[in-house]
There are 2 protein chains.
Amino acid sequence: MEKIEIPDSIRCELEEKGGIDGIIESLPDNQKLKDIVSIARALSDPVRVRVLFALSVQPMCVCLLVAMTGYAYSKMSYHLSILKEGGLIYSRQEGNYLIYYPTDQGREIVERIETL
Amino acid sequence: MEKIEIPDSIRCELEEKGGIDGIIESLPDNQKLKDIVSIARALSDPVRVRVLFALSVQPMCVCLLVAMTGYAYSKMSYHLSILKEGGLIYSRQEGNYLIYYPTDQGREIVERIETL
DNA sequence: TTGCAGTTTCAAAGAGGTTTGAAATCATGG
DNA sequence: CCATGATTTCAAACCTCTTTGAAACTGCAA
């Protein structure tokens, strides 16, 4: 697998690191990769970033999020479901309302983004 | 804007925070939002996460990345361009080769992901 | 039990991202 | 200047994500 022409400057450093195979081994494993991508996907739409940040200031029912953004319920529901899949928010029924909260991971990520 | 029915538990906390308008003001501004989304989008494909992590171990020419992943040049080039747009990597010509490096921001982000 | 407010689900349409192979570009060595 | 290897660009096909409105579901109160 190592029979490829590359600049000397790189060949040298590369061999110290175990060649291509050494690098491949140091990469995140498949589960970790899935988690990263799922979180990134959750954050790759401005609607969802706003919602996550808003919820990390103040947990809210869907109707409040709808009032805040002006989006349709079904649209908001769709975006909430992706944030949920990414493990960034969760919901609890309270009476007639569903209240959404950031998870610990959601808060952690908001924090890391804020200090970027 | 505040004439909406919401559970008391939330109405109360919400008012302390300046109501809906208070929360909207605390959200990331449009430029910040664009930056976040652009970075998240760059990380929302496993190909690109792998490439970014690999480059942060060892800067590489495209041919090495192609050898490492088995992808076509054009495909690799496409993904590199998105990582570049996100400000996560940059390239320098060296002889016949284009070498890709992580930017400071790219390294920072890899670090924050690794310690998540 | 009926009705209603809050919310999700669904399917279809629309928009945007990814892959592919062929052609263009660009630096280097002859 | 020409040929070559490295890489990008391009357009078409393909696939996935997002939006939309209508219908279904859920918990509560009458």
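Using a 4.0 Å cut-off, no side-chain N or O of B:H79 falls inside it from OP1 or OP2 of C:dG17.
Judged as a salt bridge (charged side-chain N to carboxylate O under 4.0 Å, His left out), and not counting sequence neighbours, B:R107 has no contacts. Residues that satisfy the side chain to side chain donor-acceptor pair (under 3.5 Å) test with B:K34, not counting sequence neighbours, are absent from this structure. Remark: A:E108 engages A:R112, B:L116 in a side-chain contact (heavy atoms from CB on, under 4.5 Å) (not counting sequence neighbours). Under the salt bridge (charged side-chain N to carboxylate O under 4.0 Å, His left out) criterion, B:E114 pairs with no residue, sequence neighbours left out. By the side-chain contact (heavy atoms from CB on, under 4.5 Å) test, A:D45 is found to be paired with A:V47, A:R48, A:H79, residues two or more places apart in sequence or in another chain being considered.
The two residues B:P102 and B:L55 make their nearest non-hydrogen contact at CD-O, 3.4 Å. For the pair B:I99 and A:P7, the tightest heavy-atom approach, listed with the atom from each and the gap, is CD1-CG, 3.8 Å. In plain terms, the two heavy atoms of B:G86 and B:S38 that are nearest each other are CA-OG, 3.4 Å. Pairing each heavy atom of A:P46 with each of B:L33, the nearest pair is CB-CD2, 3.9 Å.
Where the helix from C:dT1-D:dA30 to C:dG30-D:dC1 starts and where it ends, the local axes point in directions that differ by 20°; five pairs per end, rounded to 10°.
Looking at heavy atoms from C-beta onward, B:L43 lies in side-chain contact with B:I113 at the 4.5 angstrom threshold.
The NZ atom of B:K84 sits 7.0 Å away from atom CD1 of B:I89, with the distance rounded to the nearest 0.5 Å. A distance of 8.0 Å separates CD1 of A:I23 from CG of A:L27, quoted to the nearest 0.5 Å. Atom OG of A:S26 is separated from atom CD1 of A:I24 by 9.0 Å, given to the nearest 0.5 angstrom.
For the segment residues 85-99 of chain A, the set of residues with a heavy atom within less than 4.0 Å of an atom of DNA chain D comprises A:Q93, A:G95, A:N96, in numerical order. Proximity of residues 69-78 of chain B to DNA chain C (heavy atom under 4.0 angstrom from any strand atom) is restricted to B:S74, B:K75, B:Y78. Interface residues of residues 54-66 of chain A facing DNA chain C, ordered by number: A:C61, A:V62, A:C63; criterion, heavy-atom separation under 4.0 Å. A heavy atom closer than 4.0 Å to some atom of DNA chain C occurs in no member of residues 35-48 of chain A.
A:V37 and B:V51 fall within a single hydrophobic cluster, where Ile, Leu, Val, Met, Phe, Trp and Tyr are joined by side-chain heavy atoms under 4.5 Å apart, directly or via other members.
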Report all side-chain donor-acceptor pairs from residues 56-75 of chain B shorter than 3.5 Å, counting only partners two or more places apart or in another chain.
residue	atom	partner	partner atom	Å
B:S56	OG	B:F53	O	3.0
B:Q58	OE1	A:K17	NZ	2.9
B:Q58	NE2	A:E13	OE1	3.4
B:T69	OG1	B:L65	O	2.9
B:T69	OG1	B:Y71	N	3.2

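Remark: side-chain polar atoms of B:T103 are paired, donor with acceptor, to backbone N or O of B:L88 under 3.5 angstrom.
Nucleotides of DNA chain D lying under 4.0 Å from heavy atoms of chain A occupy a range whose first and last members, 5' to 3', are D:dC17 to D:dC28.
Counting non-hydrogen atoms of neighbouring residues, nucleotides and ligands closer than 6.0 angstrom, the CG atom of A:N30 reaches no more than 12 such neighbours.
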